[in-house]
Amino acid sequence: MKTKGWDKVFKFTYLQMLKSKAYKISTFIIVLVIALMMLGINFLPGLLSGSDTSGDETAKSAVFGIERVYISDQSGIYPPADFSFLSELEVEVNMISPDETAEITSKVNQSDQAEILIEITRDDSGINILTSRPESQELITSDDCQSFVNAFLKGSVWSAHILSLGVPEDLVSEAAVSVSSQVTIAGETPKNELAVIITSFIPIVSSLLLFMFIVLYAQFTASSIAMEKTSRVMETLLTSVRPMAVILGKVLGMGLASFTQFFILFATGFGVTAVVAPLGTLGEVFGSVETVSPDMQMVRNAFDEAFANFNAMTVVWIVVIFILGFLFFSLIAGLFGATVSRMEDLQSAMTPLSLFGAFGFLFAYYASIFSIGSDGINIMEKVSYYLPISSPFALPGAIISGQMNSLDALISVLVLTACNIVMLIFVSRVYETIILHTGNRVSLGAMFKLAKQK
Amino acid sequence: MALKVDNLVKRYGDFTAVKDLSFSIEKPGVFALLGGNGAGKTTTIRAILGMLSKESGTVTWKGRNLSVTDERIGYLAEERGLYAKYTIWEQMLYFAELKGMKKAEAEEAITFWLERLEAAEYTKKRAEQLSKGNQQKIQLAIALISDPELLILDEPLSGLDPVNSELFKSIIREQINKGKYIIMSSHQMATVEEFCEDIVIMRRSEVVLQGNLNKIKKGYGRVKLSVKADENILPLALECGLIVERQTPNQTDFKVTAQSEPEQFLKKTIESNITIVKYELREPTLHEIFVEKVGGETNEN
């Protein structure tokens with residue numbers, strides 16, 4: 001395989017890609033979106049929680065806009081539930097007798113104020129809370145009513161019920177403790193549930209990102225080769241270098257451009273996080289803020305657990321898989337790009353690759369989705385790790401989330417490497433013949449025939 | 001012997017595009033590769049340069065197999081091609097570096113050739129902003145940038161205005177004087193005749209004529225007679241056995257089949273008191289040789 005001069009093609013392709021308007025604009029958008037996303041994650045929770053205690057409007061929103069409550073307690077719970085705490089939240093509480101219920105019901109129905117009627121009853125099925133709201137939804141919606149009841153009334157009614165059964169007051173909160181269950185492999189520490197959710201989403205997000213950077217740039221490679229061929233630049237190029245040097249330089253140049261953008265994405269994320277984390281939520285999650293609330297400590301622990309397998313070696317694996325994946329798809333894309341003599345034929349020539357890429361991505365993506373909540377690795381995931389069209393999208397997420405050990409990853413990478421070698425041999429046999437072909441697009445069958453002849 | 005093409009065969013499936021082609025270029029100067037449309041000239045050039053794989057045959061340059069990656073070869077392709085969106089400077093620098101030139105050396109050469117081709121003002125322009133003729137100048141500059149020993153020019157003057165044609169011709173002359181080996185393919189026979197010493201004429205993938213142009217012409221002998229007269233000379237000419245090949249308002253061209261015919265014709269015109277303005281007994285032009293050798297192709301096609 002004669003590839004002398006590939007380095008010059010590589011350098012030119014890379015620099016021209018970086019200089020192109022499309023690259024600059026897409027990179028700018030990526031930087032902006034990532035920066036805004038990180039800033040949002042960092043500051044929005046603080047802003048929202050901080051705004052809860054300031055101003056009348058926010059106080060209102062804390063009680064879902066409800067200003068007056070009529071409560072008819074027909075449950076027979078004794079001592080009855082105490083709702084006086086609602087007054088502190090600036091909600092007017094009116095306890096009414098069952099006789100007044102009909103009158104209040106019709107009053108609330110026609111009311112133009114944010115008032116509701118609560119009827120607490122008891123039957124064989126348990127304790128029921130019925131909320132009646134005004135006919136007009138402008139002031140209060142059914143959702144507001146339900147949220148209000150869930151947030152403020154249910155707990156009080158339940159506590160009153162427990163107390164009525166003779167449970168001492170100091171044990172009521174103890175009695176309210178929830179019972180959770182988990183299953184683990186014998187001898188293994190049970191996993192943090194939030195960490196399990198985060199771990200499940202890592203392969204989904206990573207496969208999406210890799211699909212974007214691998215398949216999109218592979219299509220750029222095809223387009224670039226087709227452009228050189230159709231604009232007759234290729235003939236001038238071939239007086240200095242061999243066709244394989246052109247495709248190799250082009251594939252690697254585009255690969256580096258893609259990787260550069262991929263790197264910029266992460267660098268922006270890490271950079272913005274490093275700068276703003278001490279001032280907000282990201283610092284609480286990732287540890288730059290030392291003292292955090294118990295809830296935030298739980299999130300921090302979950303992230304620590306989810307990314308426990310992420311280290312320098314993981315980065316090396318991701319880089320290797322990215323290169324191999326890009327090489328695999330770009331070699332095919334370059335070959336398809338060389339089959340056309342007119343730019344308008346490129347899209348139809350690229351259809352098989354687009355289908356391959358989409359299938360590989362969707363296979364990896366749905367394998368990750370179907371694994372959420374399941375125990376261990378399902379068969380679809382396992383296949384996606386070794387199938388060359390899906391493994392570039394599936395492997396990085398699996399390695400980061402610790403679903404794959406180094407040996408399995410190595411085997412998978414070796415399979416992908418072998419496929420790349422086969423693809424390189426195929427391309428080298430066919431590419432030199434079709435690169436100056438003019439006329440109708442070279443079919444897949446004709447390419448296989450050519451490869452066989454050579 | 002500088003360039004030697006030996007028994008070159010190139011096939012596309014069942015179709016043979018170049019059939020057993022052999023020729024050599026022994027000394028610097030212009031070598032013409034001629035033929036009608038579809039005769040196989042461009043395929044031959046591509047096969048010589050290794051852009052296309054060949055079924056059999058060898059191409060050697062100074063005794064070694066010709067490799068574009070090892071030699072400095074300049075090529076002006078028939079179908080011009082530049083990167084539309086890149087600046088002239090960027091792409092010339094790229095092509096120069098692909099030829100193995102260092103950046104400083106390349107920049108010096110680019111500046112020289114752009115000035116020589118009167119295109120220095122286009123340095124920062126994108127190719128798509130240039131006219132066809134100016135794009136052709138850039139293409140020629142790219143072909144010459146590495147100071148190649150072997151220069152291949154496929155239809156170098158097509159589409160150029162007379163001023164730029166003269167500019168291109170003067171550059172070709174300079175290259176000849178510098179001792180460069182040039183292969184020229186063109187349909188403009190007058191231009192080819194102006195520069196070439198040796199020719200190959202191809203017809204339907206095969207060589208139909210090859211050798212030194214002067215010798216070929218001498219081989220034909222003085223078989224063409226061009227006459228301009230004030231009176232009608234056709235009856236006398238036909239009486240002498242001359243065959244009319246072409247008649248224009250300026251002159252009549254005859255084909256001579258026997259040495260006695262033109263002498264007899266001249267004698268009769270004098271006897272008839274006809275005023276002869278032009279009487280030229282000459283060898284055939286390259287154009288005439290080409291038409292004779294390739295002429296049937298169009299009809300056959």
Side-chain angles (χ1 to χ4, degrees), chain A residues 1-23 223-225 227-246 249-250 253 341 343 428-440 442 446 449-450 453-454, chain B residues 10-13 42-43 45-55 66-87 90-103 106 127-128 135 138-143 145-146 148 150-152 154:
Chain A
M1 205 183 306
K2 293 166 186 169
T3 55
K4 189 179 171 184
W6 72 269
D7 52 328
K8 281 149 192 154
V9 180
F10 162 77
K11 184 181 152 196
F12 184 75
T13 305
Y14 178 63
L15 292 178
Q16 290 303 328
M17 189 65 198
L18 257 55
K19 279 186 196 174
S20 71
K21 262 187 198 167
Y23 191 87
S223 167
S224 175
I225 286 174
M227 183 273 286
E228 282 180 351
K229 187 182 172 186
T230 56
S231 68
R232 312 290 173 186
V233 174
M234 191 60 80
E235 261 186 279
T236 312
L237 283 174
L238 296 185
T239 59
S240 307
V241 288
R242 305 290 302 164
M244 272 312 286
V246 176
K250 195 127 301 253
S341 306
M343 277 309 273
S428 68
R429 287 184 177 189
V430 178
Y431 190 69
E432 298 219 356
T433 308
I434 64 169
I435 190 62
L436 290 177
H437 165 87
T438 51
N440 290 337
V442 183
K449 203 173 160 189
L450 266 173
Q453 278 172 0
K454 289 226 170 186
Chain B
K10 171 66 196 169
R11 287 193 199 97
Y12 294 111
T42 302
T43 302
I45 291 171
R46 288 175 173 180
I48 288 172
L49 291 172
M51 290 178 191
L52 296 174
S53 59
K54 46 190 180 292
E55 268 57 52
L66 180 68
S67 164
V68 290
T69 53
D70 298 333
E71 311 294 341
R72 284 190 175 184
I73 299 168
Y75 177 43
L76 177 68
E78 182 184 9
E79 293 181 84
R80 322 283 184 237
L82 292 170
Y83 290 103
K85 302 281 179 196
Y86 303 158
T87 67
E90 279 172 340
Q91 48 192 309
M92 287 188 75
L93 192 63
Y94 174 46
F95 288 120
E97 286 183 341
L98 282 178
K99 291 281 180 199
M101 296 174 81
K102 299 269 180 247
K103 197 180 176 192
E128 64 186 358
Q135 286 189 23
I138 305 302
Q139 290 272 138
L140 183 63
I142 290 168
I145 203 165
S146 63
L150 176 62
L151 185 61
I152 299 175
D154 200 351

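Just so you know, these numbers use all the heavy atoms, side chains as well, and skip hydrogens, waters and symmetry mates. A quick note: this is a predicted structure, and the numbers were derived from the prediction, not measured. Proteins come first, then strands; the chains are lettered A, B, ... in the order of their sequence lines, and each starts at number 1.
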Problem - Note: B:Glu97-A:Lys8 ion pair, threshold 4.0 Å (strictly below) - result: no
Exercise for the section: Select one option (side chain, backbone, both, neither) describing which atoms of A:Met227 are under 4.5 Å from chain B's heavy atoms. Expected result: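 For A:Met227, the side chain is the part near chain B, not the backbone.
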Exercise for the section: Below 4.5 Å from any heavy atom of chain B, which atoms of A:Leu237 appear? Answer side chain, backbone, both or neither. Expected result: both
At a 4.5 Å cut-off on heavy atoms, which part of [X] comes close to chain A: side chain, backbone, both, or neither?
| X | result |
| --- | --- |
| B:Tyr12 | neither |
| B:Ile142 | side chain |
| B:Gln139 | side chain |

Problem - CA sep, side-chain torsions, deciding dist, call: B:Leu49, A:Glu235, side-chain contact (heavy atoms from CB on, under 4.5 Å) - result: CA-CA 10 Å; B:Leu49 291 172; A:Glu235 261 186 279; over 6 Å; no
Exercise for the section: Let me see the working for A:Val233 and B:Phe95 under side-chain contact (heavy atoms from CB on, under 4.5 Å), right down to the final yes or no. Expected result: CA-CA 10 Å; A:Val233 174; B:Phe95 288 120; 3.7 Å; yes
Practice task
Under the side-chain contact (heavy atoms from CB on, under 4.5 Å) rule, what do A:Leu238 and B:Arg46 come out as? Steps first, then yes or no, please.
Solution key: CA-CA 9 Å; A:Leu238 296 185; B:Arg46 288 175 173 180; over 6 Å; no
Practice task
Measure across B:Thr69 and A:Lys4 and return the closest heavy-atom pair with its distance rounded to 0.1 Å.
Solution key: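 Taking every non-hydrogen atom into account, O-NZ, 3.2 Å.
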Problem - Gap between atom CZ of B:Arg80 and atom OG of A:Ser231 - 0.5 Å precision - result: 14.0 Å
Handout entry: Rounded distance [0.5 Å steps], CG in B:Leu52 versus CD in A:Glu432
Key =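 Atom-to-atom, B:Leu52:CG and A:Glu432:CD are 10.0 Å apart.
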Problem - Option that, when pairs with chain B are counted at under 4.5 Å, heavy atom only, ranks first among A:Leu436, A:Thr239, A:Val9, A:Leu15 - result: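 Sorted descending by pairs with chain B, the first entry is A:Thr239.
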Practice task
Name the orientation class of the two ring planes belonging to B:Tyr83 and A:Phe12 (parallel below 30°, tilted from 30 to 60°, perpendicular beyond 60°).
Solution key: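 B:Tyr83 and A:Phe12: tilted rings.
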